[in-house]
Every structure is written in structure tokens, then in C-alpha cells.
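All heavy atoms count here, side chains included; hydrogens, waters and symmetry mates do not. Here the structure is a predicted model, which means the values were calculated and not measured.
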Amino acid sequence: NLLCPGARCGANLCRLMSIRSVSVDLNNDASLLIDIPDALCERDKVKFTVHTKTTLSSFQKPEFSVPRQHEDFIWLHDTLVETEDYAGLIIPPAPPKPDFEGPREKMHKLGEGEATMTKEEYTKMKQELEAEYLAVFKKTVQVHEIFLQRLSSHPILNKDRNFQIFLEYDQDLSVRRKNAKEMFGGFFKNMVKSADEVLISGVKEVDDFFEQEKTFLLDYYSKIKDSTAKAEKMTRSHKNIADDYIRISSLMYQQKITRILIYTHIVVTMSFVSLQKVEGRVASDQELKLTELLRYYMRDIQAAKDLLYRRARALADYENSNKALDKARLKSKDIPQAEEHQQQCLQKFDKLSESGKKELTSFKGRRVVAFRKNLIEMAELEIKHAKVRSSIQLYYICFIMCTNELQYAWGICKILCEQI
Amino acid sequence: MAASSDRNPPPFPASEEPETGLCDMADGDSDEGEDIFVNNVRLRAFLLLLLCPSFVQSTPVAVSRGVSQPDQVSEEPPDLFSEEEAISTAPTLSTTAKSNGVHSDDENDLFAELLAAVDCFHSGISKGYFVLPPLELKCGLLYYCFQQLEEEEAKDSFDVDVSVTSPEKIGDGMNAYVAYKVSTRTSLNMFRSKTFFVRRRFSDFLGLYEKLSVKQSLHGCIVPPPPEKSVVGMTKVKVGMDDPSSVEFVERRRAALERYLQRVVSHPSLLQDPDVREFLEREDLPRAVNTQALSGAGFLKMINKASDAVNKMTIKMNESDTWFEDKFQEVENEEQQLRKLHAVVDSLVNHRKELCMNTAVFAKSMAMLGNSEDNTALSRALSQLAEVEDKMEQLHQEQAASDFFIFAELLADYIRMLGAVRGCFDQRMRAWQRWQEAQSTLQKKREAEAKLLWANKPDKLQQAKEEITEWEARVTQYERDFDRIGMTVRKEVLRFEKEKAKDFKSQIIKYLESMLQSEQRVMIHSHSKAYVYVFYSGVEGFSPESWQRVYYIPDG
């Protein structure tokens, strides 16, 4: 029953990790650097400040910032998806809508229950909620930033005209957005797509590479979706526990029973408070790292699936055009049109296959690299928490000692010293 | 375990003489003859060392251990467990200490410094600056300080020690019940032998309470209440004792019965009661009847009915001694607060159970994800992660159990006990009421006598005089009863508070110990996680062998 000498192994781990070999930074091409340094939250809407630094001549200025809303990002994503030329590319997934519903609801409940709580409890819970709010805020900024950075690092997409407009145009984009909706009717397209998907999956695949990719992606997608949901549940449980600790510690502060047990009072209150901070931080860190990682790749895999779908549709079109050509030849009618149509379909299909293969291969590599980066960051977090946890342990020991319960502290000390 | 006692702790930086070895704590003879002041100084020094955060920017200075390697300092990332200068870097906290005015002066100072140190510690954690001296150094200091600290105060030795063990299901179907083994170990002569045991069932415990409360509460004794009846819980057990919720229920009940009995036998007057002796000794106890009223809700109803009766008294009691009124108010407040605390702890237990379930489910999901991952290294990483999470689930389960069995049960016990305390206050009120009624009856008799005197009816007068004498005697008796019960109540309440303080202290320490142990294990698992992350992230120069050398991951 050996217990771990936390300090020592933590130290070694830190040393090893400083020799990192992996650097996954999307924003490392100096010709076009994008970031979101600032964001404002007004009621429901979040206003992002998109800041661009570029050496490319296609832009009017070398450095500039524009305000953008979430809907602008969606517009950009949708226009890219609808562009035929990009059919063979994996379009980075659109950032999800900022969702402050959770913390807002909690804030509302807190306000309602203010009368029944002590001032201390109320302030603590308010602080926690504000931290949660801030975490959601940071997350949404991050996810919008990554979307833009994915575009800027893609050799073909970063030359897109609409992308440039998005970055540069210093007026409100809402007019363009409205026009786009009218032109493309995005909503209906999605409905048709899911119906097609069923049809398309029945199409016979000619290429082994794509056959394998399809099987893998479909399977992986369902698994990662499941893991994401389960991870979210787990971190929510952590948060609930953290909230309970807040309530316990605030009750203990005002408890008269513990006035007799001054030392124990301090121990219990402080240990609860510390634990709560650790649990709370564990929850929000886990949330930011593992869950986000899973969630992001779930969406990315959906984008890859979309590529497969488009290619499969092109294949279906090609096959239909073959059939049409045969029919035309039989009827001896409209043969040149049918031939041309077939050629077009074949070209489109070949183009999609070629670029699709490239995209999917680089997607694999990118995914593994990003996972690794996140794993390292998660390791750092674990160690940071372990440090705090080990401090808390010594805390316990120290106070147990203070209550003169020497036989307990002695026993614990013995256990710890086994490790020396 | 033996190895540790051979170790020389590292020399304490502030002291001149190095320790030659550990003295055996058990023999308790401190030959040093150092007075309390010095001990406290050392204790304070030790605490300051432990608790004071050392900020990242401070340069590591080699301590007497001589382990620091200056040429490696530049390689190390700043926030490592660097060797720390001993006491001199610790900020002097005594200037910021504030007194709390409750305890003696020595305790006050130490306490105030503790508070200040705790604040400091806390702000250090929140700023993320926390750096501790290496674990080994700390443990060495712990050894050292133990040798210097005062002897542990002599524990009260119990004359009687009871335990409730080995629950066994007897019979089948709806008539089945659980029999517990009640073992007694005693040095008192009034029992038939030094150690003996009997088998008892739950209704027997309730019967004991019934008998005791009828007799003893009249004297103002606080009779410890037994655990609650539970029809739902028992029905499940009657059906089958194997599923985890039944096992938990039986264990919970067993522990509660044991605590109940221990409270009964540690009460000096109750121990003398023949019913208690009979309960502990007699082989065949007659079945207790009339245990209906003692379900949890029933018990509360009983107490509250008594309180209502007292409240409805027409003559309001004029307390010459405010102690009783104040104490009663305190008891009521405490009960309220304990209820609130109990509710939150219950919620904590449920959330932990939830976390346990969610972690298990998540672990399985990660395992499946790892299986479908086509990159081998990543796949192994995810599978390992799943394994670690699985182990974490076990930990969460244990933490939930200890939250529940130790903390929540303690609170539930005391909520019931406070009800009993309120009950004995009510007994005193009833005694007072009896006295007042007797006085008013006496008054009426005297008035009647006066009327008879006036009306000149000699034979009735004689009877009246006799009645007056009788009632005078009663009034005196009831007044004496009331005073006696007041004294008993006072004594009982003080004893209760002392016992409560001891009980809470020991239970909370048990709770902290179990938290400490589980924190250790959580740390192991979080390090395992970190290991998984780093190893599979493909950091160069990092191999499982190098990991094994510095860190041993136990199996399971």
C-alpha cells in the first residue's frame, strides 16, 4: 500500500515536459496572423474584435481590427460550404453559438434564493457563477478564434474572397448576411442533405482508401459523440460537488456547534474551502481541456464526413450520368449533351477524390498532433492540481497535530515517511 | 513500518543539537524538561514553515540537506519544489495576528497565528504561487516536533465497552429479522463476567429506549434516542440481504446501534439502570412490544407534542435563572443549523454517487473510443486513460461512503439527540407545572378552610386541615422535585456538550483521515493520468523505464 511521493515525481515530470517536441500552433505563419484579443458581452450578443496582422498585398492595410458578431462567422462558414470550388476540402466546423444559458439560469436561481442564504454563501456562490460565466466566455472566444486560424492556415481557403471581406470590411456585415440567406436558403439544404445521406451510403465505393475512411469516420464519430456527452456529465457532477462544498463551508462558518471545536472548525472550514476550490478548478479545467477537445473533434469529424458525403454525391451523379448516357445512346437522342454531362461529372468526381484524399490524410495527422498537444497541457494541469492536493494533505496533518491527537498524526506521519 | 523508526530525521535548522533517533512516543517520558513555551515556539516555527507560501521568484537556497545542485537550477522550470530557506524567509505573522478572545492566552496566541498562517496559505494557493519544501524535509520536521510536543492528555478509560457486530438474517419472508451480536467488555463487578455477548434484534433496542425514557426522563436525564425505524429499508432486507443497498442499510443500522449503545453505557446514571444491565447480559430477552411509536417521524411527533403542551400552559414560567431559557434557545438554533448542514451533506453524498456512476460510464466510453482510434499511440493513450478513470470511480465511491457513514450519520445522530435534549427541558417545565398546580390547589384548599372556619363546620374543618397538610407536603415535594430536576438537567446538558465536543472532534478527525487517505490515492491516479498524457504525447527522452525509476505506481 505504497503512497506516492508527490513532490518528487511531480518535479521530474515537470523537468521532462520542458523538453517538449510538439508545437502545434495554428497561428505561426507570419504572412497572415489572426487573433481575437477582445470580446464584449452585451446581453445575448457577443461582439468579437477580430485582429489581423498581415504581410500579404491582397489586404489594404498591414494591421487592422474589425468588430464581428457570431452570425458573421456563421455566414462565412456557410458561404464557404456552398462554394463549389471547395467541395473537395474539409471546411473547418462553424463555431457553436455562445451559450450563456447555463450560468444565466443559475444566476437567476441564485437571485431568487438570496433571502434564504447567508451573505457569505451568497457571495461565494456569486463568485463561482461569475467564474463559470467567465469560463464560458473564454471558451467561446477560443472556439471562434480557432475557426479563423484554421482558415488562415489552409492554403486554399485563406485566399477566399469572402474570408478577406470578413477580416477587412469595416462596415456591418448584416446586409450581406441577409442576402446570402435569401440566395442559398441554407435551412432547406440541410434537410435535403440528411435525406440524401441515406441514399448515398448505399452507393458502391470504388476506392479502398475512401471505403476505409468512411467506415472509420462513421464509427469514430459515433464513439466520440458518446464520449463527449459522458465527459460533460462527469464534469457537471464535479461542479455539483464543488457547489455543495461551498454551501457546507459557509454553513460551517456560522455554525455555533463548532465554536467549541475551534481547531476542528478551522480545519473543516478551510479544508472544505480548499477542496472546493480544487474540485471546482478540476471541473472547469477538465471542461476546458478534455471535453472541449472531444467536442471540437466531433465537429471536425462531422466536417470530414460532409466531405465524404459530397464526394459520394458526385459519385452518384457520375453514375447517374453514365446511366443517362447509356439511355441516350439507346434512344439515339441528345448524345453529345449526355456525353458532356458525363465528362463533367467525372471531372468533378476525380477532382473531389484527389483533393479529398489529401485533405483526409492531413486531417489525420492534424488530429493526432492536436490531441498530443492537449494531452501535454492536461498533464500540466494534473500536476498543478496534485501540488495543491499535496499541500492540502499536509494541512490536514498539521491541524490534526494541533488538536493534540498525536496518535493519529503519528500514524499518518509514519505512512508518509515510508516513502523517504 | 519498522524501517521508519531506524531513521535519523534531518537536523532541524533552528536547533543546535541534532536528533540521534526517534524516541518511542509510547513511553511518553520526556526527559528534555522543556517547558511549554519552548514547545510552542517550535510548534509555531514548524507551522510557519509548513504553511507559508514561498513565492516563485525567490531563489532556492540550499538547506542543511545539501541536496541542491546549483548548475541545474537554470534547467528547472521555475515552479518546482525547490529547496527552501528555512525560517528566515517566512514572514513574521505575529504582527498581523488577531486575538479571538475565547481561550486562554497561550492558546490565543497560537490560535491567532494559526489563523494568520491559514490566511496566508490560502492566498498563496489562490494566486497559484504555492511552493512547498520537499516532502521528506517536512516529514523529518514532523518527527522532530512530535518528540517535543506535550504528552497526549490521558484518555478517559471506559469501564464498559460495547460493540454491535455480525448482523445475521434469521428466518424467511416477511417474518424475517436481523439479529446483531452485542458484545460487552467491562471491568465493573456488577456484570456477570468480564466479557460476554448476547444476540439482539432491532426491536429489542427500541424496547430498551422505551423503558429508559419512561423512567429516566422524569428525572431530567437526556436519554439517547435509538436509530430510526425504516419500513422500506427492512422490507428490502427481508426479501434478500445480498444487493448493495441492503448491505449498506444493514451496515448503517449496525453502526447506528453501536453508537447508540455506547452513548447509553457511557452515561453514568443510565449504566446503573437494571434494564440496561438486563439488555446487555440476559440471554433471552422478552420481546418488546409497543415499539410502534418510535419511527423517526413518530419520535419527532412525540417530542413536538410535549413541546406544544408546554406552550399551551396558561401560567407562563418566570425564569429566575435565565440559563435555562438561553440554553433552550441555543439548542433549538443548533438543531436548525444541523438540519441544514445535514441536508447539504446528503446532497454531497448523492452527487458523489452520481460522479462515481458518470466516471464509470465515461471510462467505458473512452475505452471504446480508444478501440476505434486508428493511430496506435493515441489508441493506447485513450485506453490507458479509460483504465485510470475506472480506478478513479472506485475512489469516488469510497469518498461517498465516508462522507455518508461518518459525516452524515454523525449529523443525523445529533439532530436526534438535540430532540432528546429538548425533551428533557420539557420535563423540567412539566415538573414546574406540577408544582404550580399543586400550589394553586393548596391555595384553593386554604381558601376553602377559611370559608369553613367562617361557616363554622368543625368536622369538615378537620378534613380540610388534613388536606391542607397533605397538599403542603406535596407542594414541598414538587418544589424539591423541580429543583432537583433543574440541577439534573443542567448537569446533563453540560455533560452532553462535553460528550458532543469529544464525539464531533473524534468523528471529524476520522473523516479527515479518510479524506487524507483518499486524497493520497487521488494523487496517485492523477499522476498516472499525467503519465499517460506525457508518455503517449511522444515527448522525446521520456520512456516508461525512466518513469518507473522515479515513481512506483501500485497495482490496483
Side-chain angles (χ1 to χ4, degrees), chain A residues 2-7 9 11-14 16-19 21 216 219-220 223-224 226-227 230-231 233-234 237 240-241 244 247-248 251 255-257 260-261 264 268 270 368 371-372 375-376 378-379 382-383 386 388-389 391 393-394 396 398 400 404-406 408 410 413-414 416-417 420, chain B residues 4 25 47 50 76-77 80-81 118 125 130 132 134-136 138-139 142 152 334 337 340-341 344 347-348 351-352 354-355 358-359 361-362 365-366 368-369 372 374-375 378 501 504-505 508-509 512-513 516 519-520 523-524 526-527 529-530 533-534 537-542 550-552 554:
Chain A
L2 282 173
L3 299 169
C4 124
C9 81
N12 281 300
L13 208 54
C14 272
L16 286 163
M17 278 176 14
S18 59
I19 356 167
S21 60
F216 169 70
D219 180 40
Y220 199 76
K223 299 263 165 63
I224 204 173
D226 187 52
S227 293
K230 306 271 160 69
K233 266 188 153 165
M234 201 171 74
S237 288
N240 284 340
I241 291 181
D244 282 336
R247 262 183 280 147
I248 291 180
L251 279 176
Q255 282 291 16
K256 280 196 180 163
I257 46 159
I260 316 164
L261 318 166
T264 333
V268 178
M270 290 309 187
V368 172
F371 257 92
R372 276 202 277 163
L375 288 183
I376 292 178
M378 286 195 274
E382 286 291 344
I383 291 174
V388 178
R389 283 203 164 104
S391 338
Q393 287 170 43
L394 284 156
Y396 285 143
C398 173
I400 287 173
N404 276 347
E405 299 289 342
L406 290 178
Y408 291 109
W410 182 243
C413 179
K414 272 208 250 182
L416 279 177
C417 293
I420 301 175
Chain B
S4 53
M25 283 311 291
L47 289 172
L50 261 191
E76 293 176 326
L80 269 191
F81 300 106
V118 159
I125 281 192
F130 217 105
L132 300 171
L135 201 62
E136 299 89 291
K138 277 206 229 353
C139 289
L142 265 174
E152 168 193 347
E334 252 179 60
Q337 286 177 322
K340 273 196 230 162
L341 190 58
V344 186
S347 141
L348 175 65
H351 285 145
R352 274 221 202 275
E354 234 176 60
L355 175 63
N358 289 340
T359 311
V361 159
F362 174 68
S365 174
M366 282 295 267
M368 303 249 305
L369 185 65
S372 41
D374 60 353
N375 178 293
L378 207 50
F504 261 88
K505 198 169 168 176
I508 285 183
I509 286 179
L512 287 179
E513 274 181 334
L516 182 69
E519 279 293 305
Q520 285 278 30
M523 256 185 43
I524 291 180
S526 76
H527 277 285
K529 261 207 235 179
Y533 293 148
V534 176
S537 64
V539 169
E540 279 152 12
F542 184 78
V550 305
Y551 173 62
Y552 173 75

- CG of Asn240(A) to OG of Ser347(B), rounded to nearest 0.5 Å, is 7.5 Å
- Message: Taking side-chain contact (heavy atoms from CB on, under 4.5 Å) as the definition, give me every residue that meets it alongside Val344(B), ordered by chain and number, with sequence neighbours left out.
- Response: Asp244(A), Arg247(A), Ile248(A), Leu251(A)
- Message: Restricting to non-hydrogen atoms, name the atom on Lys223(A) and the atom on Leu369(B) that form the minimum distance, rounded to 0.1 Å.
- Response: CB-CD1, 3.7 Å
- Specify the closest pair of heavy atoms between Asn358(B) and Met234(A), including all atoms of both residues, with the distance to one decimal. CB-CA, 4.0 Å
- Item | By side-chain hydrogen bond (donor to acceptor under 3.5 Å, both in side chains) - contacts of Asp226(A) (at least two apart) | Lys230(A), Ser365(B)
- Task: Apply side-chain contact (heavy atoms from CB on, under 4.5 Å) to Val361(B) and Lys233(A), showing your working.
- Result: CA-CA 10 Å; Val361(B) 159; Lys233(A) 266 188 153 165; over 6 Å; no
- Item | Contacting region of Phe216(A) [heavy-atom separation from chain B under 4.5 Å] | side chain
- Task: Please round to the nearest 0.5 Å and tell me the distance separating atom CE of Met368(B) and atom OG of Ser227(A).
- Result: 8.5 Å
